[in-house]
Amino acid sequence: MHGTASGRDHGAAMGLALAQARLAPAHGDVPVGAVVVASDGTVLGEGRNTRERDGDPTAHAEVIALRAAAARLGSWRLAGATLVVTLEPCTMCAGALVLARVDRLVYGAVDDKAGAVGSLWDVVRDRRLNHRPEVIPGVRATECAALLADFFAARRRPPTA
């Protein structure tokens with residue numbers, strides 16, 4: 001686990017999430033990475049997609065990072081924490097961060113196909129829920145989107161002889 005990333009230095013924290021994302025394709029997973037950062041800048045948990053590697057439909061980067069942070073703190077309540085992720089969270093991950101009482105969500109690329117933070121749904125801002133984190137979208141969005149685009153372009157390329 002890395003040392004610290006300033007709670008307000010979202011670009012640096014996104015760099016840690018991008019580093020996690022770059023590890024995912026080695027085992028066939030979509031390059032999405034996440035980190036949970038405490039209010040003092042300490043990195044509490046890191047994660048990357050491992051659905052393919054683990055055969056686990058819930059093994060999204062956000063869930064793995066949230067689990068690691070909760071284990072480190074010894075509590076499921078992550079009040080004061082920021083979840084930084086390279087891709088807009090899906091409904092499962094948006095629900096998980098709300099239930100974990102994460103104070104802030106920072107994400108990079110928009111997910112028009114499954115995003116639940118404004119694209120298709122807006123789970124984190126739903127007034128019917130008892131917790132609504134601050135949302136900071138678009139941090140290093142071009143870099144995050146390019147990583148995904150490159151991954152999917154490589155998968156569509158015909159194999160070379």
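Start at 1 with the first residue, then count along the sequence.
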Should we count CZ of R101 as having more than 12 external heavy atoms under 6.0 Å? yes
Any side-chain to backbone donor/acceptor pair from H131 onto V102? Under 3.5 Å, distance only. yes
Do side-chain atoms of E46 reach the backbone of V35 as a donor and acceptor pair under 3.5 angstrom? no
Do R51 side-chain atoms and V30 backbone N/O form a donor-acceptor pair below 3.5 Å? no
Taking C-beta and beyond as the side chain, do V36 and L66 meet within less than 4.5 Å on heavy atoms? yes
Can you name the closest pair of heavy atoms from A21 and G33 and give their distance? CB-N, 3.4 Å
Evaluate the side-chain proximity of T50 to I64: yes if any heavy-atom separation is below 4.5 Å, no if none is. yes
Distance (rounded to the nearest 0.5 Å) between L83 CG and D103 CG: 11.5 Å
Report yes if the side chains of R48 and H27 come closer than 4.5 Å at any heavy-atom pair, otherwise no. yes
Minimal heavy-atom distance between C90 and A116, with the atoms involved, is C-CB, 3.5 Å
Salt bridge (charged side-chain N to carboxylate O under 4.0 Å, His left out) pairs touching residues 19-28, sequence neighbours excluded, are R22-E143
Side-chain contact test, heavy atoms from C-beta onward, threshold under 4.5 Å: evaluate it for I136 versus R104 and give yes or no. yes
Main-chain N/O of D111 paired with E88 side-chain donor or acceptor, under 3.5 Å: yes
Side-chain heavy atoms of V135 within contact of Y107, under 4.5 Å: yes
Over all atoms of both residues, closest heavy-atom pair of P57 and G55: CD-O, 3.9 Å
S75 side-chain N/O to R77 backbone N/O, donor-acceptor pair under 3.5 Å: yes
Just how far is it from atom CG of L120 to atom OG1 of T91, taken to the nearest 0.5 Å? 9.5 Å
Residue pair V84 / L16, side-chain heavy-atom distance below 4.5 Å: no
Using the rule that two of Ile, Leu, Val, Met, Phe, Trp, Tyr join whenever any of their side-chain heavy atoms come within less than 4.5 Å, decide whether W76 and L44 are in one cluster. no
Are V85 and L105 side-chain neighbours, meaning at least one heavy-atom pair lies under 4.5 Å? yes
Applied to residues 58-67, the salt bridge (charged side-chain N to carboxylate O under 4.0 Å, His left out) test, sequence neighbours excluded, yields none
CG of L87 to SG of C144, rounded to nearest 0.5 Å, is 8.5 Å
Qualifying salt bridge (charged side-chain N to carboxylate O under 4.0 Å, His left out) pairs with a residue from residues 112-132, counting only residues at least two apart or across chains: D122-R125, D126-R128
Stepwise, does the side-chain contact (heavy atoms from CB on, under 4.5 Å) test hold for H10 with V37? CA-CA 10 Å; H10 304 308; V37 182; over 6 Å; no
Any link between V117 and V110 through a network of hydrophobic side chains (Ile, Leu, Val, Met, Phe, Trp, Tyr) touching at under 4.5 Å? yes
Provide the closest heavy-atom pair for L97 versus P89 in the form atom of the first, atom of the second, distance. CD2-CG, 4.3 Å
Can you spot which of L23, T86, V32 makes a side-chain contact (heavy atoms from CB on, under 4.5 Å) with N49? V32
For residues A65 and G47, report the shortest heavy-atom separation together with the two atoms involved. CB-N, 3.8 Å
Does L78 share a hydrophobic cluster with M92, counting links as ILVMFWY side-chain heavy atoms below 4.5 Å and allowing steps through other members? no
For G45 and A68 the tightest heavy-atom approach is CA-CB, 3.8 Å
Can you find a pair of side-chain heavy atoms, one from L147 and one from P31, that are under 4.5 Å apart? yes
Is there a path of hydrophobic side-chain contacts, each under 4.5 Å between heavy atoms of I/L/V/M/F/W/Y residues, joining V63 to V123? no
